[in-house]
Colleague: 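Before anything else, here's the structure in question.
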Amino acid sequence: MFKKMALIGTLLALFSMTAQAETYVVGSGGTYRPFEFENTQKQLEGFDIDIIKAIAKAENFDIKLVNTPWEGIFATLNSGDRDIIISGITITDKRKQMVAFSSPYFPAEQSIVVPQSSKVDSLAALKTEKVGVVNSSTGDIVVSDVLGKNSTAIKRFDNTPLMLQELSEDGIGAAVGDIGVVKYYIKQHPDKQFKLVPDDKFERQYFGIAVAKDNQPLLNKINSGLKKIVADGSYAKIYSAWFDSNVPTLPAQ
């Protein structure tokens, strides 16, 4: 009887070991609010963090979050220091040469921001406005194309909150910035009474989750998990919590 009990105990221990969820190290920067940032306890939180946690839960794997500086973040995949990186990473052909991307999980285009009373309805209409941009950002490039790179009507800022504060104080008539960052600011400051103005000339780009180019099994898990959280409403719930109720329709998963 003792031997039988010992055998059962061994089998249960082996089953527990095989059933234990795999843990993947996830690298994410802590300086791009609301996608990833450190809270007062020095823990990472944000939209990206909630998304990767939801994917991990859907696919039954564990994650270890590690704050990882943007400079060199892609190299951490090839070195094996990170298994996954999620850090507001725009999918580009150049980056596809270095890493493998998941299906898109967030539309990352630019948007015009103006006061509710503004008559601005397009990029072309900015020609009569003083326009704020974040220095050297995609928004800066777009507005420079419309107004001219050296136009005195362009006012450049170090970050989006500073730019939008200037907009609220009538120091500028419009601003152009990353739609996710702008939406989060508007949600946090409903008293500012801003509105977003889209324009077809803004290039549609997407954020993706990255893994090493040769790690197809992990990429399959991430894509499967993303598809599940979109289907069961978890994605919409996370998006609404950080941004607004206008949940985007993502490309076919």
Side-chain angles (χ1 to χ4, degrees), residues 23-59 61-92 94-95 98-102 104-111 133-140 156-165 177-189 205-212 215 218-219 222 225-226 229 234-235 237-244:
T23 299
Y24 297 107
V25 180
V26 179
S28 188
T31 58
Y32 189 36
R33 191 182 295 264
F35 293 95
E36 47 273 325
F37 58 95
E38 281 192 340
N39 60 25
T40 54
Q41 286 77 46
K42 297 295 184 181
Q43 297 171 324
L44 285 169
E45 63 177 76
F47 174 79
D48 282 357
I49 306 305
D50 288 349
I51 289 295
I52 195 62
K53 284 180 177 178
I55 289 172
K57 182 178 179 182
E59 287 298 303
F61 62 79
D62 294 326
I63 58 172
K64 178 185 177 183
L65 292 164
V66 181
N67 193 336
T68 307
W70 176 257
E71 185 179 351
I73 196 169
F74 295 103
T76 64
L77 290 178
N78 297 325
S79 68
D81 291 335
R82 306 286 185 272
D83 300 302
I84 301 167
I85 54 175
I86 181 168
S87 197
I89 305 168
T90 303
I91 300 170
T92 66
K94 184 177 180 180
R95 288 171 178 166
M98 298 185 290
V99 300
F101 278 108
S102 70
Y105 73 92
F106 189 86
E109 72 266 21
Q110 301 290 297
S111 181
V133 297
V134 174
N135 191 31
S136 299
S137 66
T138 302
D140 189 352
R156 295 178 171 87
F157 297 84
D158 289 335
N159 57 59
T160 301
L162 282 175
M163 175 179 71
L164 297 181
Q165 181 61 34
D178 293 344
I179 194 167
V181 180
V182 169
K183 277 191 171 189
Y184 177 72
Y185 184 93
I186 291 173
K187 186 179 181 70
Q188 298 299 111
H189 301 86
Q205 295 181 308
Y206 289 94
F207 288 164
I209 302 165
V211 302
N215 200 342
L218 178 54
L219 191 64
I222 292 170
L226 179 58
I229 68 172
S234 298
Y235 178 91
K237 185 176 180 180
I238 294 169
Y239 186 95
S240 297
W242 286 102
F243 303 109
D244 55 34

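We're numbering straight along the sequence, starting at 1.
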Colleague: Rounded to the nearest 0.5 Å, how far does OG of Ser111 lie from NZ of Lys183?
Modeller: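 Reported value, rounded in 0.5 Å steps: 8.5 Å.
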Colleague: Which distance, rounded to the nearest 0.5 Å, do you find between the CD1 of Ile85 and the CD1 of Ile52?
Modeller: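 Here the rounded value is 11.0 Å.
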Colleague: Short question: side chain of Asp158, backbone of Val134 - any donor-acceptor pair under 3.5 Å?
Modeller: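 Flag not set: sc Asp158 to bb Val134 has no pair under 3.5 Å.
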Colleague: Under 4.0 Å between a Lys/Arg side-chain N and an Asp/Glu carboxylate O for Asp244 and Lys187?
Modeller: no
Colleague: I'd like to know if the side chain of Asp83 reaches the main chain of Val25, judged simply by a donor and an acceptor atom lying under 3.5 Å from each other, with no hydrogens or angles considered.
Modeller: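 Judged by distance alone, yes, a pair lies under 3.5 Å.
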Colleague: Would a distance-only check, ignoring hydrogens and angles, find a side-chain to backbone donor-acceptor pair under 3.5 Å from Ser87 to Ser28?
Modeller: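 No, because the side chain of Ser87 does not come within donor-acceptor range (under 3.5 Å) of the backbone of Ser28.
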Colleague: Mind checking whether Phe207 and Phe35 have ring centres under 6.0 Å apart?
Modeller: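 Yes, the ring centres sit under 6.0 Å apart.
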Colleague: Start with the C-alpha gap between Tyr184 and Phe47, add the side-chain angles, then the distance that decides, and say whether ring-ring contact (aromatic ring centres under 6.0 Å, His included) holds.
Modeller: CA-CA 10 Å; Tyr184 177 72; Phe47 174 79; over 10 Å; no
Colleague: Check whether any side-chain heavy atom of Val181 sits under 4.5 Å from a side-chain heavy atom of Arg33, and report yes or no.
Modeller: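 Answer no - side chains too far apart.
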Colleague: Please answer whether the main-chain N or O of Thr90 pairs with a side-chain N or O of Arg95 as donor and acceptor at a distance below 3.5 Å.
Modeller: yes
Colleague: Rounded to the nearest 0.5 Å, what separates atom CD1 in Ile55 from atom CZ in Phe61?
Modeller: 7.0 Å
Colleague: What is the distance from atom CD1 of Ile86 to atom CD1 of Ile209, rounded to the nearest 0.5 Å?
Modeller: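 Spacing of CD1 (Ile86) from CD1 (Ile209) equals 4.0 Å.
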Colleague: Quick check: does any side chain N or O of Thr76 sit under 3.5 Å from a backbone N or O of Ile73, one acting as donor and the other as acceptor?
Modeller: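 Between the backbone of Ile73 and the side chain of Thr76 there is a qualifying donor-acceptor contact (under 3.5 Å).
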Colleague: Hey, does the side chain of Asn67 reach the backbone of Gly30 with a donor-acceptor pair shorter than 3.5 angstrom?
Modeller: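 Yes, Asn67 side chain to Gly30 backbone: donor-acceptor pair under 3.5 Å.
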Colleague: Do any N or O atoms from the side chain of Ser79 and from the backbone of Leu77 form a donor-acceptor pair under 3.5 angstrom?
Modeller: no
Colleague: Below 30° counts as parallel, above 60° as perpendicular, anything between as tilted: where do the rings of Phe243 and Tyr239 land?
Modeller: tilted
Colleague: Do Leu65 and Ile49 have side chains that approach each other closer than 4.5 Å (heavy atoms only, starting at C-beta)?
Modeller: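 Touching, per the 4.5 Å side-chain cut-off.
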Colleague: Within the 3.5 Å criterion, strictly below it, is a donor on Asp178 or Tyr32 matched to an acceptor on the partner's side chain?
Modeller: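 On atom types as modelled, these side chains qualify, holding a pair under 3.5 Å.
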Colleague: Please find out if less than 6.0 Å separates the ring center of Tyr105 from that of Tyr206.
Modeller: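 No, ring centres 6.0 Å or more apart.
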Colleague: Check whether more than 12 heavy atoms from other residues, nucleotides or ligands sit under 6.0 Å from atom CG of Asn39, and answer yes or no.
Modeller: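 Enclosed.
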Colleague: How close do Ser102 and Ile222 get, counting heavy atoms only, and between which atoms?
Modeller: CB-CG2, 3.9 Å
Colleague: Is the backbone N or O of Glu109 less than 3.5 Å from a side-chain atom of Gln205, with the two atoms forming a donor-acceptor pair by type?
Modeller: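 Here the side-chain-to-backbone pair does not exist.
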